Amino acid sequence: MVHSWLRGIHMYFYMVSASIRAQLQYRYAFVMNILGWAMTYAGTAVTMWVLLYSFGALEEWTFWQLIFLFALAVLSWGVCMIFFFHFRSLDQYIVNGTFDRFLVRPIHPFFHFMAMKFDVGAFGQFLFSIIAVAMAYMNLQLHWQAWQWLVFLGAVAGGTLIQGGLLVAISAVAFWTTRSERLYWVLMWPAKSLMNYPLSIYPRVVQILVTFVLPFAFVNYLPALLLLGKSSENYQPFWGFLSPLVGIIFFWLCFRLWMLGLNRYKSAGS
């Protein structure tokens with residue numbers, strides 16, 4: 001069992017390296033892809049600046065606190081894109097009958113599909129988010145202790161698992177319906193967009209949904225409350241510590257759903 005897992009991990013990283021080498025064949029497109037993503041998120045940051053220039057603060061969140069909140073979400077989304085973003089197109093492989101190839105190779109179908117594309121273009125999101133977090137850290141004059149840095153890293157890991165888990169769950173629907181990508185725009189995109197701003201500006205029902213149903217509050221808002229020393233009427237500070245745990249549980253549930261769908265998969269043939 002252990003030997004099988006080790007062999008699968010070795011093959012996973014071998015396929016990842018092949019994917020990276022393939023993308024580096026077009027270096028101009030590679031660089032422009034990174035810069036394009038970075039500029040896209042920088043544009044959103046400028047929009048926040050315009051908003052705060054007019055209103056001064058948003059529910060007692062200043063500009064640099066909003067930038068930190070936003071950058072924390074972008075950072076984990078960047079990691080998520082590298083490993084899981086292409087799961088949203090799983091339905092195309094099922095409809096075309098090409099998913100079968102993932103079932104006949106000596107690596108688990110889930111890890112095989114995950115290694116199919118290592119999207120290095122997401123490094124543009126790393127570029128923006130790391131710079132934005134650093135600037136917010138300095139402008140807010142933060143001085144974190146070791147445990148706060150651990151909370152920050154835990155939020156990145158938990159946010160990656162939460163967002164990746166939802167992508168995996170969305171892709172699993174294709175095993176039953178053969179179509180699932182539209183769910184990305186119905187579920188994933190709205191939930192991710194909500195987290196650009198503090199949850200306190202939304203109705204209570206929305207806060208409950210993104211905390212207990214689709215736990216996107218643990219991606220950035222709850223850890224940010226703890227790291228920035230902010231208070232909330234509806235959330236206790238210790239909730240910010242729970243992001244990794246929530247991420248692991250949520251991803252495991254989504255993975256089990258994916259495996260359940262895989263077990264009932266029937267080839268569409270050619």
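We use all heavy atoms of the structure for the numbers below, so side chains are in, but hydrogens, waters and symmetry mates are not. Model, not experiment: these values are computed from the prediction.
Side-chain atoms of His112 never come within 3.5 Å of backbone atoms of Leu103 as a donor-acceptor pair (strictly under, hydrogens ignored). A donor-acceptor distance shorter than 3.5 angstrom exists from the side chain of Tyr137 to the backbone of Leu142, with no hydrogens or angles considered. Looking at Arg88, its side chain never comes within 3.5 Å of a backbone N or O of Ile170 through a donor-acceptor pair. Checked by atom type and distance alone, the side chain of Asp91 never pairs as donor or acceptor with a backbone atom of Ala174 at under 3.5 Å. When atom types are taken as modelled, the side chain of Tyr235 and the backbone of Ala217 share no donor-acceptor pair closer than 3.5 angstrom.
In this structure Gln145 satisfies the side chain to side chain donor-acceptor pair (under 3.5 Å) test together with Trp147, sequence neighbours excluded. Applying the side chain to side chain donor-acceptor pair (under 3.5 Å) criterion to Gln236, with sequence neighbours excluded, gives no partner residue. For Gln148, there are no side chain to side chain donor-acceptor pair (under 3.5 Å) partners two or more places apart in sequence or in a different chain.
The neighbour count for Arg101 CZ, taken as heavy atoms of other residues, nucleotides or ligands under 6.0 Å away, is above 12. Shown here is Trp176, whose CH2 atom has more than 12 heavy atoms of other residues, nucleotides or ligands within 6.0 Å.
The structure places CG of Asn234 at 9.5 Å from CG of Leu199, a figure rounded to the nearest 0.5 Å. Rounded to the nearest 0.5 Å, atoms CG (Leu153) and CH2 (Trp149) are 8.0 Å apart. Atom-to-atom distance recorded for Leu225:CG and Gln65:CD is 10.0 Å, nearest 0.5 angstrom. From Ile67, atom CD1 reaches atom OG1 of Thr62 across 10.0 Å, with rounding to the nearest 0.5 Å. How far CD of Gln207 is from CZ of Phe212: 10.5 Å, rounded to the nearest 0.5 Å. Here CZ of Arg182 is found 11.0 Å from OG of Ser180. Values are rounded to the nearest 0.5 Å.
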#### Entry: Derivation of the side-chain contact (heavy atoms from CB on, under 4.5 Å) call for Tyr197 and Met48
CA-CA 9 Å; Tyr197 298 96; Met48 291 181 175; 4.1 Å; yes
### Message
Using side-chain contact (heavy atoms from CB on, under 4.5 Å), reason through Leu242 and Leu222 one step at a time and then give a plain yes or no.
### Response
CA-CA 9 Å; Leu242 302 179; Leu222 295 176; over 6 Å; no
### Task
Tell me, with the steps shown, if Trp61 and Ile201 meet side-chain contact (heavy atoms from CB on, under 4.5 Å).
CA-CA 10 Å; Trp61 286 72; Ile201 70 173; over 6 Å; no
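Sorted by first then second residue, the salt bridge (charged side-chain N to carboxylate O under 4.0 Å, His left out) pairs that include residues 211-235, not counting sequence neighbours, number zero.
Under the 4.5 Å side-chain heavy-atom criterion for grouping Ile, Leu, Val, Met, Phe, Trp and Tyr, Val213 is connected to Leu183 within one hydrophobic cluster.
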Determine all donor-acceptor pairs shorter than 3.5 Å in which one atom belongs to a side chain in residues 68-85; sequence neighbours excluded.
from: Ser76; atom 1: OG; to: Ala73; atom 2: O; distance (Å): 3.1
from: Ser76; atom 1: OG; to: Gln163; atom 2: NE2; distance (Å): 2.9

Solution key, residues 249-261 side-chain donor-acceptor pairs under 3.5 Å, sequence neighbours excluded:
from: Trp258; atom 1: NE1; to: Ser171; atom 2: OG; distance (Å): 3.2

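Each of Phe113, Phe99, Tyr265, Phe175 was checked for a ring-ring contact (aromatic ring centres under 6.0 Å, His included) with Tyr93, and the lone residue meeting it is Phe113.
Heavy atoms only, all atoms of each residue included: Pro215 and Val246 are closest at CB-CG1, 3.7 Å. Closest non-hydrogen pair, Phe63 versus Ala45, comes out as CE1-O, 3.8 Å. Across all non-hydrogen atoms, the minimal contact from Ser129 to Gln125 is OG-O, 2.7 Å.
Using cut-offs of 30° and 60° for the angle between ring planes, the Trp239 and Phe218 rings count as parallel. Ring orientation note: the planes of Trp189 and Trp185 are tilted relative to one another, at an angle of 30° to 60°.
At a threshold of 4.5 Å between non-hydrogen side-chain atoms, the residues Val95 and Arg179 count as touching. Side-chain contact between Phe152 and Pro223 is absent, with no heavy atoms from C-beta onward closer than 4.5 Å. Considering only heavy atoms from C-beta on, Lys192 stays 4.5 Å or farther from Val219 through its side chain.
Side-chain rings of Phe241 and Phe238 stay apart, their centers remaining 6.0 Å or farther from each other. Between Phe87 and Tyr184, the distance separating the two ring centers is not shorter than 6.0 angstrom.
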